[in-house]
Amino acid sequence: MVISLTENYEFQRVYKKGQSYPGRYAVVYYRKNNRGNLRLGITATKKIGKACVRNRARRLIYENMRLLLPTMEQGYDIVVVARNAIVGADFFSLGKELQRLLQKAGAFLHE
RNA sequence: UGAGCAAAACAGACAGUCGCGGGGAAAGUAAUUUUUUACUUUUCAUGAGGAAAGUCCGGGCUUCACAGAGCAAGGGUGCCGGUUAACGACCGGUGGAGGCAACUCUAAGGAUAGUGCAACAGAAAAGAACCGCCGAGAUUUUCGGUAAGGAUGAAAAGGCGAGGUAAGAGCUCACCGGCAAUCCGGAGACGGGUUGGCCGUGUAAACCCCACCCGAAGCAACACAAGACUGCACGAUAGCUUGCUCGGCUGUGCGAAUUGUGGCUUGAGGUAAUCAGCAAUGGUUAUCCUAGAUAGAUGGCUGUCAGAUACAGAACCCGGCUUAUAGUUUUGCUCAAAUC
RNA sequence: GGGCCAUUAGCUCAGUCGGUAGAGCACUUGACUUUUAAUCAAGUUGUCCGGCGUUCGAAUCGCCGAUGGCUCA
């Protein structure tokens, strides 16, 4: 079960105060939230394309994040913003990139 | 075989696995007198389109306005008949345009109700006369007749031929176009004929005239419940404070951010058969229930099919129209060539 | 979910009751200057967002689209 960010102010808080890690397909924002759980927000703006394209981008990100989440540290808010290049991207290259970006952010549990 | 025309259907499928939305069933826990409610777990079936899109029309539903009718304003529609809940949609026809054909396209009422416009060119763009032609005077110009010929233009005063004439002219006649009257066929648009008189252009997707139609706004509508703001008004009436008055509190009414629930999917519904109709469509019978989210659910991976996936994602619901669209399949028909 | 508007030269805009499409800046060339700038003179520049239609003729009128923007709840 993934807890998702809903309100606009929560997104704004992450954009302004969090760390950002840009990639080719997406940008990851990462911030500590003092709640003890892990929350995820996905953004696909109108710039990317029409409704169908945006849905596809959101689903690909969601599925990748779902697989990655169990290995990550609790107590953070994550926002993933899709970029234009995601339109032609396939599942695995997006997954590799997200993994790289999150590693940079130090999101994974380390022994 | 080639080229083409029309009408339809599909929109990757199947298996495994992980995950998501709402729903059913079972079990457990908590609250509760019960009903029931909330949470957790397990399990079962189910879950985007032909355009879900654009928002160009029409309707249901809801609120507001009017609760009688007419007129005006504004907007729309515009050959005829039918279908429909309704429509600017659809079907069948008529006229017109295109194509050898199958067939396709068609905003197609009125220009003798009125007003406007028709650049440049041209004598003249609507009651026409520059050159010309003819006649008369006069002697190089005037008067009259004329609209065949010339030139301009997108468009030039019905077309074309014959008769006729001073020259000409629907002046007369034949054919054609158009108009009027009338007869026949048709439900009608209209088609066919007869007779008459010979007829001042185009534009109404210019204003307009005629006929018909239209109250406004939208599910973020709206209904119910709670209700911050310590909001505004009342406090004449009820209660408390008190012996009484003032005051205060409770209270009553109103506005209202916001939250929750309903609206929300059984409907002008789908499928099949049959009957009526050329068809759109309608009737009857049987049968089925098939998303309902609220930051918004359909995705990932693996395998098989020869290979590959276009345009694209429901948000109150229907009927159309328009636009985007890879590829596959079916049916009927036309033309050309060849063979029998 | 509705409503409204715009699109014209490289840029910013005129032209909108149909009749050969313009201004400023920019650009090019020439003059002036030792040179540049400024100034002066001359010149170039358009699928009038796309398609179809009405008309003799369309940037202008009608219809269907595209893109961009504004706005209401």
Side-chain angles (χ1 to χ4, degrees):
Chain A
M1 192 72 181
V2 181
I3 301 159
S4 62
L5 292 173
T6 55
E7 294 300 320
N8 190 37
Y9 69 88
E10 293 174 324
F11 278 85
Q12 294 303 326
R13 193 190 290 155
V14 178
Y15 291 147
K16 280 181 185 158
K17 305 197 173 171
Q19 303 287 315
S20 71
Y21 301 93
R24 183 168 140 74
Y25 299 125
V27 184
V28 171
Y29 292 85
Y30 192 68
R31 182 177 181 271
K32 201 162 189 162
N33 70 354
N34 298 326
R35 286 164 138 270
N37 55 10
L38 193 63
R39 299 194 298 171
L40 174 67
I42 301 172
T43 303
T45 60
K46 221 169 182 179
K47 204 170 64 181
I48 294 175
K50 297 191 176 182
C52 190
V53 176
R54 292 161 63 196
N55 258 338
R56 168 109 189 125
R58 188 176 54 72
R59 282 175 189 146
L60 284 176
I61 292 169
Y62 184 87
E63 182 65 18
N64 268 306
M65 291 305 288
R66 190 179 70 79
L67 295 174
L68 291 174
L69 278 176
T71 64
M72 288 163 67
E73 259 189 288
Q74 296 293 306
Y76 288 91
D77 286 346
I78 304 169
V79 173
V80 183
V81 179
R83 306 188 69 182
N84 278 356
I86 205 169
V87 174
D90 69 299
F91 179 76
F92 290 109
S93 48
L94 178 64
K96 269 181 210 160
E97 175 164 307
L98 284 175
Q99 199 163 5
R100 186 172 59 79
L101 293 175
L102 288 168
Q103 201 127 42
K104 239 176 167 180
F108 294 106
L109 290 168
H110 16 263
E111 297 303 305

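The sequence lines fix the lettering, A, B, ..., with proteins before strands; numbering per chain opens at 1.
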Contacts of type ring-ring contact (aromatic ring centres under 6.0 Å, His included), residue Tyr21(A), not counting sequence neighbours: none

Residue list, side chain to side chain donor-acceptor pair (under 3.5 Å) with Glu97(A), at least two apart or on another chain: none

Please name all residues satisfying ring-ring contact (aromatic ring centres under 6.0 Å, His included) with Tyr25(A), sequence neighbours left out, ordered by chain then number. none

Enter syn or anti for the glycosidic conformation of rU265(B), syn applying to angles within 90° of 0. syn

Sorted by chain and number, sequence neighbours left out, side chain to side chain donor-acceptor pair (under 3.5 Å) with Ser93(A) holds for Asp90(A)

Using a 3.5 Å limit on both pairing distances, list the dot-bracket string of RNA chain C from the 5' end; Watson-Crick and G-U wobble pairs count, crossing pairs take [ ], interstrand pairs take |. (((((((..((((.....[..)))).(((((.......))))).....(((((..]....)))))))))))).

Specify the residue among Asn55(A) and Phe91(A) whose closest nucleotide of RNA chain B lies further upstream toward the 5′ end. Phe91(A)

Regarding rG296(B), can its base be found pairing with the side chain of Arg58(A) as donor and acceptor, where the two atoms are less than 3.5 Å apart? no

Taking any heavy-atom pair under 4.0 Å as a contact, classify Arg54(A): base, sugar-phosphate, or nothing. nothing

Does rG185(B) have a Watson-Crick or wobble partner in any strand here, with both distances under 3.5 angstrom, and which is it? rC190(B)

Which one, rA48(B), rG300(B), rC301(B), comes nearest to the side chain of Phe92(A)? rC301(B)

State whether Arg66(A) places a side-chain N or O below 4.0 Å from either non-bridging phosphate oxygen (OP1 or OP2) of rC20(B). no

How would you list, by chain and number, every residue that makes a side chain to side chain donor-acceptor pair (under 3.5 Å) with Arg58(A), sequence neighbours excluded? Asn55(A)

Do you know the tightest heavy-atom contact between Val80(A) and Ala26(A)? CG1-CB, 3.9 Å

